[in-house]
Protein chains: 2
Amino acid sequence: MSIRNGTRALRAIDRHTVAADIVLFTIQDGSLKVLLVRRDRLPFRGRWSLPGGFVRTDESIDEAALRELQEETNIGNVYLEQLYTFGERDRDPRGRVVTVAYYALVHWQQFQVRGKPDGSAAWFAIKRLPELAFDHRRIIDYALERLRNKINYTTVGFQFLPRQFTLTELQRAYEVILEQRLDKRNFRKKMLQLGILKGTGQFNTNGRQRPARVYTFAEPKVIKLQEKGIIVPF
Amino acid sequence: MSIRNGTRALRAIDRHTVAADIVLFTIQDGSLKVLLVRRDRLPFRGRWSLPGGFVRTDESIDEAALRELQEETNIGNVYLEQLYTFGERDRDPRGRVVTVAYYALVHWQQFQVRGKPDGSAAWFAIKRLPELAFDHRRIIDYALERLRNKINYTTVGFQFLPRQFTLTELQRAYEVILEQRLDKRNFRKKMLQLGILKGTGQFNTNGRQRPARVYTFAEPKVIKLQEKGIIVPF
DNA sequence: GACAAAAGTGTAGGGGATACACTATCTTTA
DNA sequence: TAAAGATAGTGTATCCCCTACACTTTTGTC
C-alpha cells in the first residue's frame, strides 16, 4: 500500500461523515448566550446540542454551515468564522464523524424576530449551560476563548449590536464578553481614536436621562477581518 | 427529510474523504522553507504538493497528521498545530475531499539527518515555490500568515532552533520569518527580560570571532502554546 | 426646583517599544 | 606580535499607549 500523499485511490473504507456545527453567540439581558437545539433522536435524544448538521457532498463546508444556520434559526447575513475541526475517534457514537466548528455572532433581535419559539431551540447563558451532547461543551469553551481573544484586536464585538448604538451599549457588550468592568473614559477614548465609529448626529432618547450620542460602525459595508473569516455584509 | 442537527442517520451519500496535510517549515541557509513531496500519481502527477494523506477511520485527525509526517519524513516530536480546514467543493478532482491542514516547525537538521534524499521530497524556499497541486499554495500562504502572527506573541519560533543556541541565531530566525531586520539591542533586551532563556554558561566557538553565549529555552520540557496546539516535548 | 440617572470629559504616571553607536573579544594574517 | 576582520555584547533617551481616577452636564421625573 503506497502511502505517499494522495496517491492512494479514494477508498470507501476511509470515508468519513463531516458535520458543521455552529456556536451562535448573542448578548441578551446583559449576559452572553449561545443558541442550542434539542435533539429529538438518538444518540443523546433530549439533550441540548449545537445547531449544525452533516455537510452534503455537493456543498462546501462554509456553505453547509450557513445553510444549517439558516434552516435552524432563519438567520442569514451573520459574521461566521471557522473555529476548529474536531476529529477525535470516539466523539460520535454513531461512527466516524468529523465536525468542523464555526462560530457566529448576532444581535439578539435578529433571532428573536425570525426564530422559531417552539422550544426546540433556545438561548442559554454561557454560565448556565445544560449538559450537552457529544463534545459540544468543549467546542463552546473553545469558541468562547477565541471570541475573548479576538475582541481585543478586531471589531467582531460590533456584531452584537444593531446598526446604530451608543458608546455605553458598546461598552456593555465588551464588558459582558470579557467578564470585567471597563473604565468609561478609557474605553471611549480608545474606540473614538480608532476612527471606526461615525457619529450619526442623532441622540438616543430611550432613557429617562441625558440622551446619548448615536454612532454607526464606520467601516465600509463589508467587514473584512484578520485571518480567515467569511466576509459578511453588515 | 428532517434536517435538525444530527437527526438524520449517517448516510452514505454524505460521506467525504478527509485528508490531513502538513505545512512543514524550516529555516535553512537563511531562508524559510517548506517541505514538498512530488506526486507520483494522478491527479497532478509530477507536481509538488504538501506532505499528507487520507485520514483513516480508526485514527483521529491529529494522529493522522503525525503519522503522515512520520511516514513521509521520519520526523516525530515536532510542534504541530491545526491550521484550518479547506472544504471547497471542487478542490480535488477525484471527488469530495476535505483537507484539515496543519503546520509544523522543525530545526533543519532534524530532517536532513533522518529524511530520505531520493528526490521525492525536498525543501523549497517560500519565495520560490513551484506550481503546486490542488489548493496547496493557498494553504501555504495561510500557514505563513499564521506563523508570522504567532511568532510575535508565542515562542513557536524557538522550534526552528536546536536545543542550544546563541541570541544571534535566535534573532536571525525571527528576521527570516518576519522578513525584516531587527535591532540587536532591543531584541536581546526583550528576549532576556521574558525570562524564558537560560544561559548554559557555555560559549559557542564555531566562528572565527568573539564566542557567543549559549542559551537554552528555559520553559519546562513541554511547550504549551496558546490556543489549540499539540503539546510536544522540546 | 430638587433629585435621580446616565452621558460626557482630561490629566498624570508608568511601562513597554523604538531609535541609535560604540566597546569587547576572539581569530586570522601579515 | 601587532593589526585587521568579524561578531558579541551593552545603555539611554524618547514616544506612545495603557491605566487610574472624579466631577460636570443634560435630561426626565416627582
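The model shown is predicted, which means the values in this text are computed figures rather than measured ones. Residue numbering restarts at 1 for every chain, and letters A, B, ... go by the order of the sequence lines.
Atom C1' of nucleotide dA7(C) and atom OH of Tyr215(A) are separated by 10 Å, given to the nearest angstrom. One interatomic measurement links the two molecules: CZ of Arg185(A) to P of dG13(C), which rounds to 15 Å at whole-angstrom precision. A straight line from CZ of Arg181(A) to P of dT19(D) spans 16 Å, rounded to a whole angstrom. If you take CZ of Phe187(B) and P of dA8(D), they are 12 Å apart, rounded to a whole angstrom. Here dA6(C) presents its C1' atom at 12 Å from CD of Gln171(A), a figure rounded to the nearest Å. Met191(A) places its CE atom 18 Å from the C1' atom of dT9(C), with the value rounded to the nearest Å. If you take CG of Asp183(B) and C1' of dT10(D), they are 12 Å apart, rounded to a whole angstrom. Look at CG on Leu192(B): it is 13 Å from C1' on dA8(D), rounded to the nearest Å.
Side-chain atoms of Gln180(B) and Glu175(B) form no donor-acceptor pair, as typed in the model, at a separation below 3.5 Å. A side-chain N or O of Asp21(B) and one of Thr99(B) form a donor-acceptor pair less than 3.5 Å apart. Side-chain atoms of Tyr215(B) and Gln164(B) include no donor-acceptor pair closer than 3.5 Å. Thr85(B) and Thr85(A) are linked by a side-chain donor-acceptor pair at a separation below 3.5 angstrom, with hydrogens and angles left out of the test.
Toward the 5′ end of DNA chain C lies the nearest nucleotide of Asn186(A), the other residue of the pair Asn186(A) and Gln209(B) mapping further downstream. The 5' end of DNA chain D is approached more closely, in terms of each residue's nearest nucleotide, by Lys189(A) than by the other of Arg208(A) and Lys189(A).
Residue Pro211(A) has its side chain nearest to dT27(D) when only dT27(D), dG8(C), dA17(C) are considered.
Interface remark: the Arg210(B) side chain does form a donor-acceptor pair with the dA24(C) base, using a distance-only criterion of under 3.5 Å. Residue side chain Lys190(A) does not reach the base of dT19(D) through any donor-acceptor N/O pair under 3.5 Å, judged by distance alone.
Taking the ring centroids of Phe86(B) and Tyr84(B), they lie under the 6.0 Å cut-off.
The phosphate of dT7(D) has neither OP1 nor OP2 within less than 4.0 Å of any side-chain N or O from Thr168(B).
Using a 4.0 Å heavy-atom criterion, one finds that Arg188(A) contacts the bases of the nucleic acid, with or without backbone contacts as well.
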